[in-house]
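As the structure is a prediction and not an experimental result, all values here were calculated from the model. Position 1 is the first residue of the sequence; numbering continues from there.
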Amino acid sequence: MKLCLNDLESRQVWEKVGVRLPEFDIQKMRKTTHDGCTWIHFGAGNIFRGFPAARMQDLLENGLVETGIVVGEGFDYQIIDDIYRPCDNLCLMATLKSDATVDARVIASVAEAYKCSPQFSEDYESLKRYFRNPKLQMVSFTITEKGYSTVPAYVQEDILRGPDKCSTIICMVTALAYERFKAGAYPFAFVSMDNCSHNGEKLQNGVMEVAKAWLAKKFIPQEFFDYLSNPAKVAFPWSMIDKITPRPHESVQKMLSEKGFESTEVVVTEKKTFIAPFVNAEECEYLVIEDTFPNGRPPLEKAGLYMTDRETVNKVERMKVCTCLNPLHTAMSVMGCLLGYTKISDEMRDEDIVKYVKRIGYVEGMPVVTDPGILSPKSFIDDVTERRLVNPFMPDTPQRIATDTSQKLAIRFGETIKAYTASKTLNLDTLKCIPLVLASWMRYLLAVDDNGNEFEPSPDPLLESSMAVVKSLRLGRSEDDGETLKVLMENTNIFGFNLWESPLKDKVLDAFASMMTGKGAVRATLHKYVN
């Protein structure tokens, strides 16, 4: 079995080994899309192929849409040359389930894929043609947060080249919008699907910054700037996305090969993208989008996406970041590093750690959780603890998640603590494991695990300065630890408030002292706190 249109004609071969094939006429869809594309997506990587593209396939198979997605890749052109085109724009989606089973499905919702750059003139002209078409409804993105920034010097230099000679993605999509304006100022939506806060605003700021500079240079008329500024013409919906799509894993590659699937070669591009004809991803997924589309949109809600207002998008993000996922990740990552774990799913077989993350989520975080209404916070944590973190296929590590912890504590735990402080009915004394998280991070800064072995802490912009504060501390000697930690605990940028002056000060210091008594003290402290 090879991933190409011709091989899909042998349906029985694929279905015999449990691979589901598309249930729609691919060639008809591609012709219809060519004549009137409604959805263009920039960012050809794994999250797109494993999530939005798969949901569009659901709509195609149910007869709810007739057109597919046109893909533009504006950063790593090797993805198009080495993966998309050799596979006829097809992808094998391997959904990795928490019960250790795999659901395999061929995704064929991508009609065409192009390298987005004027240096590939034929490809770029095709994208221009699609932007000029009145039927285009949405242009979405998974290009990472840095793709929207105009700050780097190379982007500033690119802006100065104007719309006809630009080469960075933020400039090129602005130039393509200019093509749409010149063709008739047709409405459409620019939709960021990147995993960053206020992503629609970041995209809008980037586009408007480019347009503002071009206007000053007289590359564009005032009318185009006004077009981009008019939400009835060009909308920038916000969204919240959550799905783990790690780099292609060798275990999945082996499993597919054993089924007879030949297209398993993993490509590492010159720009260090890990990509293959297949995508492996977890089964849980969430995509919440602000429903602002001036030229209409596909019925995305019928494919499991949540279409709502901006306030609700913000609430969902806050629910995830402050209570239902990110705090649990951070808590177990720091503790996992101290206890010698190298895989998140292995941690979830540790009874103490399971009790730890569940208490932080269900007991201590839930009383102040932001409830968005469209998603149940409890059900979200259920998925996290029972289906996501336990998934043996997810090769995530506590070391990776512990990256930049000093930048995460304020939002992931500080907001909960401040909500307790502001409440007239809640008592900070009921917080037990959240103070332990803060203490465990300071214990982590010693770079010595619970067995007394040194380890390399994960990258963090404040790592060097924070480790310098605790460098005099030693296991088994804790008389002066409190005063030593004062400098850290007073840092409002780390915790979101002055922890040294907080009623939680003694709780955190007690937890830290308990973990400093000697080898095995971290385990003993954790066990004591959760039982």
Side-chain angles (χ1 to χ4, degrees), residues 3 18-22 41 43-59 61 69 71 73 76 79 83-84 87 89-110 113 140-144 193-196 239-257 259 261 263-268 273-289 300 303-306 320 325-326 329 343-345 348 380 383-397 400-401:
L3 199 58
V19 178
R20 290 188 291 145
L21 296 185
H41 183 87
N46 292 326
I47 183 64
F48 162 70
R49 297 193 298 159
F51 195 173
R55 299 289 70 77
M56 189 60 162
Q57 175 137 320
D58 292 341
L59 297 179
E61 291 185 334
I69 305 173
V71 170
E73 175 55 44
D76 196 338
I79 296 174
I83 298 296
Y84 274 73
C87 296
N89 296 333
L90 303 172
C91 169
L92 191 143
M93 175 69 190
T95 301
L96 313 175
K97 299 188 175 182
S98 56
D99 62 2
T101 62
V102 177
D103 177 53
R105 178 189 187 194
V106 173
I107 303 300
S109 59
V110 174
S140 58
F141 299 81
T142 49
I143 59 173
T144 75
M193 295 181 178
D194 274 300
N195 186 20
C196 57
S239 73
M240 190 290 295
I241 191 169
D242 185 22
K243 184 181 179 74
I244 298 174
T245 52
R247 62 179 53 172
H249 199 262
E250 59 184 17
S251 64
V252 180
Q253 184 181 29
K254 180 182 177 182
M255 180 272 295
L256 294 174
S257 294
K259 287 178 177 286
F261 183 66
S263 305
T264 61
E265 182 182 0
V266 177
V267 173
V268 183
T273 302
F274 287 74
I275 196 161
F278 66 92
V279 171
N280 44 230
E282 66 171 335
E283 58 186 316
C284 294
E285 58 186 25
Y286 304 89
L287 181 50
V288 183
I289 305 176
L300 300 172
L305 277 58
Y306 297 87
K320 182 188 88 165
L325 174 62
N326 298 32
H329 250 164
K343 198 173 180 182
I344 289 295
S345 58
M348 290 303 288
F380 197 97
D383 274 347
V384 169
T385 58
E386 296 171 15
R387 300 171 66 196
R388 305 184 72 179
L389 299 179
V390 301
N391 194 326
F393 285 118
M394 290 294 106
D396 221 342
T397 68
R400 185 193 73 81
I401 298 171

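- With rounding to the nearest 0.5 Å, the separation of OG in Ser140 from NE2 in His41 is 4.5 Å.
- At least one side-chain heavy atom of Arg20 sits less than 4.5 Å from a side-chain heavy atom of Asp103.
- Of all heavy-atom pairs spanning Ala281 and Thr245, the tightest one is CB-CG2, 3.4 Å.
- Nearest heavy-atom pair across Tyr84 and Ala113 is CD2-CB, 3.5 Å.
- Taking NZ of Lys243 as the reference point, atom OH of Tyr286 lies at 10.5 Å (rounded to 0.5 Å).
- For Cys284, the side-chain contact (heavy atoms from CB on, under 4.5 Å) partners are Glu282, Asp383, Arg387, Arg388, not counting sequence neighbours.
- The minimum heavy-atom distance between Thr264 and Ser257, with the atom names listed, is OG1-OG, 3.5 Å.
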Criterion side-chain contact (heavy atoms from CB on, under 4.5 Å) on Leu92 and Phe261, from CA distance to verdict:
CA-CA 10 Å; Leu92 191 143; Phe261 183 66; 3.7 Å; yes
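- Between Thr273 atom OG1 and Asp76 atom CG the span is 3.5 Å, to the nearest 0.5 Å.
- Between the Asp194 side chain and the Cys196 main chain, no donor and acceptor come within less than 3.5 Å of each other.
- Annotation: side-chain contact (heavy atoms from CB on, under 4.5 Å) contacts of Pro392 (sequence neighbours excluded): Ala100.
- In this structure, Phe393 and Lys97 approach most closely via the heavy-atom pair CD1-O, 3.7 Å.
- Residue Glu386 places its CD atom among more than 12 non-hydrogen atoms of other residues, nucleotides or ligands, all under 6.0 Å distant.
- The side chain to side chain donor-acceptor pair (under 3.5 Å) check on His249 picks up Ser251, with sequence neighbours excluded.
- Between Thr142 and Gly43, the closest heavy-atom pair is OG1-O, 3.3 Å.
- Residues that satisfy the side-chain contact (heavy atoms from CB on, under 4.5 Å) test with Val390, not counting sequence neighbours, are Ser98, Met348.
- Between Phe48 and Val110 the shortest side-chain heavy-atom distance falls below 4.5 Å.
- Residues Asn46 and Pro248 are in side-chain contact: their nearest non-hydrogen atoms beyond the backbone lie under 4.5 Å apart.
- For Val267, the side-chain contact (heavy atoms from CB on, under 4.5 Å) criterion is met by Gln78, Asp82, Ile83, Thr269, Ile275, not counting sequence neighbours.
- Distance check: Met240 CE to Met193 CE gives 12.5 Å after rounding to the nearest 0.5 Å.
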Apply side-chain contact (heavy atoms from CB on, under 4.5 Å) to residues Phe380 and Asp242 and explain how you reach the verdict.
CA-CA 11 Å; Phe380 197 97; Asp242 185 22; 3.4 Å; yes
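- Arg105 has a carboxylate O that lies under 4.0 Å from a charged side-chain N of Glu61, or vice versa, which qualifies the two as a salt bridge.
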Derivation and outcome, side-chain contact (heavy atoms from CB on, under 4.5 Å), residues Ile344 and Asn391
CA-CA 9 Å; Ile344 289 295; Asn391 194 326; over 6 Å; no
Take Leu389 and His329, measure what side-chain contact (heavy atoms from CB on, under 4.5 Å) needs, and give me the verdict at the end.
CA-CA 9 Å; Leu389 299 179; His329 250 164; 3.5 Å; yes
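- Expressed to the nearest 0.5 Å, how far CE of Met56 lies from CD1 of Ile69 amounts to 5.5 Å.
- Here CD1 of Ile241 is found 7.5 Å from CG of Asn195. Values are rounded to the nearest 0.5 Å.
- Not a single side chain to side chain donor-acceptor pair (under 3.5 Å) links Thr144 to another residue, sequence neighbours left out.
- Using a 4.5 Å cut-off on side-chain heavy atoms (C-beta onward), Phe51 and Leu287 make contact.
- Side-chain contact between Ile107 and Val279: absent, with no pair of heavy atoms (C-beta onward) separated by less than 4.5 Å.
- Considering all non-hydrogen atoms of both residues, Arg49 and Cys91 come closest at NH1-SG, 3.7 Å.
- Between Ile401 and Asp396 the shortest side-chain heavy-atom distance falls below 4.5 Å.
- Taking the side chain as every heavy atom from C-beta outward, Arg55 and Glu285 approach each other to under 4.5 Å.
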